[in-house]
Amino acid sequence: QVQLVESGGGVVQAGVSLRLSCAASGLTFTYYTMGWFRQAPGKEREFVAGINRGGSRPVYADSVKGRFTISRDNDKKTVYLQMNSLQPEDTAVYYCAADRTILTAPISRIYSEYDYWGQGTQVTVSS
């Protein structure tokens, strides 16, 4: 049984940092591209960041580029999202997701292409 378990969310003030973690189990972690998505109330789920199987090619949404960093530890089967300079518009439920891909596949920004999802963790940024 595949499980993705996010942690690290919370309520913070604008300008501070948070680090989200997503621990995976029940799958061969290195076979999967990993992504972070978020969904704010009344909005569609949107791509935030993704990282390839080996961890060498991160990609980001324009809205978070330069502030967020995605990384993965394949030994620990964990993917991280370091979020700096948080803003109220970053408030959302953050989800990690796993996409079974070949080694050279581009990182998808489309949520329907991901195979497994975590339950989400709430991030609330106050001004």
Side-chain angles (χ1 to χ4, degrees):
Q1 179 183 358
V2 175
Q3 282 194 308
L4 301 177
V5 180
E6 300 100 334
S7 61
V11 180
V12 297
Q13 290 194 324
V16 302
S17 301
L18 278 177
R19 188 176 83 153
L20 306 183
S21 299
C22 172
S25 61
L27 52 72
T28 305
F29 190 64
T30 53
Y31 287 1
Y32 289 81
T33 290
M34 299 300 294
W36 285 96
F37 290 75
R38 67 186 181 187
Q39 188 165 19
K43 295 190 176 182
E44 291 190 354
R45 191 168 298 192
E46 65 172 353
F47 175 82
V48 175
I51 192 163
N52 65 316
R53 289 167 50 174
S56 61
R57 290 187 287 117
V59 294
Y60 301 95
D62 287 345
S63 58
V64 306
K65 199 174 295 183
R67 299 188 298 125
F68 291 11
T69 303
I70 188 172
S71 61
R72 65 189 292 164
D73 185 329
N74 285 345
D75 290 334
K76 294 182 178 179
K77 295 187 177 182
T78 301
V79 62
Y80 304 97
L81 186 68
Q82 177 67 42
M83 306 185 295
N84 298 332
S85 301
L86 282 162
Q87 300 301 315
E89 52 266 34
D90 295 318
T91 295
V93 178
Y94 283 71
Y95 299 90
C96 76
D99 179 16
R100 179 72 164 90
T101 60
I102 61 174
L103 198 57
T104 56
I107 296 166
S108 174
R109 297 170 183 254
I110 302 172
Y111 71 82
S112 60
E113 294 189 358
Y114 283 73
D115 302 298
Y116 300 105
W117 290 85
Q119 81 289 349
T121 185
Q122 177 71 47
V123 173
T124 302
V125 185
S126 61
S127 56

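Nothing here was measured: the structure is a model prediction, and the numbers come from that model. FYI, side chains are in, hydrogens and waters are out, and symmetry mates aren't considered; it's all heavy atoms of this structure.
- One distance of note links OH of Tyr31 with CG of Asp99; it measures 15.5 Å at 0.5 Å rounding.
- Following chains of ILVMFWY side-chain contacts shorter than 4.5 Å, one cannot reach Leu81 starting from Val59, and the two form parts of different hydrophobic clusters.
- In the hydrophobic clustering of this structure, Tyr95 does not group with Val123; members are Ile, Leu, Val, Met, Phe, Trp, Tyr whose side-chain heavy atoms approach within less than 4.5 Å, directly or through other members.
- Applying the ring-ring contact (aromatic ring centres under 6.0 Å, His included) rule to pairs touching residues 48-87 yields nothing, sequence neighbours excluded.
- Here the closest heavy-atom approach between residue Ser17 and residue Ser85 is recorded as OG-N, 4.3 Å.
- In the hydrophobic clustering, Val11 connects to no other residue, as no ILVMFWY side-chain heavy atoms lie under 4.5 Å from its own.
- In this view, Gln82 and Asn84 satisfy the side chain to side chain donor-acceptor pair (under 3.5 Å) rule, not counting sequence neighbours.
- Applying the side-chain contact (heavy atoms from CB on, under 4.5 Å) rule to Ala98 yields the partners Leu4, Leu27, Tyr32, Met34, Tyr116; only residues at least two apart in sequence or on another chain are considered.
- Interatomic distance, Asn52 CG to Leu103 CG, rounded to the nearest 0.5 Å: 8.0 Å.
- When the ring-ring contact (aromatic ring centres under 6.0 Å, His included) test is applied to Tyr114, the partners found at least two apart in sequence or on another chain are Phe37.
- Between Gly10 and Leu18, the shortest heavy-atom distance links the atoms N-CD1, 4.1 Å.
- Leu20 places a side-chain heavy atom less than 4.5 Å from the side chain of Met83.
- The nearest pair of heavy atoms linking Ser126 to Pro88 is C-CG, 4.4 Å.
- Rounding to the nearest 0.5 Å gives a distance of 10.0 Å between CZ of Arg57 and CD1 of Ile51.
- The side chain to side chain donor-acceptor pair (under 3.5 Å) check on Thr124 picks up Gln122, with sequence neighbours excluded.
- Residues Tyr111 and Trp36 do not share a hydrophobic cluster, clusters being chains of Ile/Leu/Val/Met/Phe/Trp/Tyr side chains in contact below 4.5 Å.
- A salt bridge (charged side-chain N to carboxylate O under 4.0 Å, His left out) check over residues 16-34, counting only residues at least two apart or in different chains, returns nothing.
- Sorted by first and then second residue, the pairs that involve residues 41-50 and meet side-chain hydrogen bond (donor to acceptor under 3.5 Å, both in side chains), not counting sequence neighbours, are Arg38-Glu46, Gln39-Arg45.
- Formation of a donor-acceptor pair under 3.5 Å by the Thr121 side chain with backbone atoms of Gly9 is found in this model.
- Judged by distance alone, the side chain of Glu6 and the main-chain N or O of Gly120 form a donor-acceptor pair under 3.5 Å.
- With sequence neighbours left out, Arg67 forms a side chain to side chain donor-acceptor pair (under 3.5 Å) with Asp90.
- Listed by first and then second residue, the salt bridge (charged side-chain N to carboxylate O under 4.0 Å, His left out) pairs that reach into residues 71-89 come to none, sequence neighbours excluded.
- Remark: Thr78 pairs with no residue by the side chain to side chain donor-acceptor pair (under 3.5 Å) rule, at least two apart or across chains.
- Closest approach of Gly15 and Gln87 over heavy atoms only: N-NE2, 4.3 Å.
- A pairwise comparison of heavy atoms in Pro58 and Ile70 identifies CB-CG2, 3.6 Å as the closest pair.
- Residue pairs meeting the salt bridge (charged side-chain N to carboxylate O under 4.0 Å, His left out) criterion with at least one partner in residues 102-122, sequence neighbours excluded, are absent.
- Taking every heavy atom of both residues into account, Asn74 and Gly54 meet most closely at ND2-CA, 4.4 Å.
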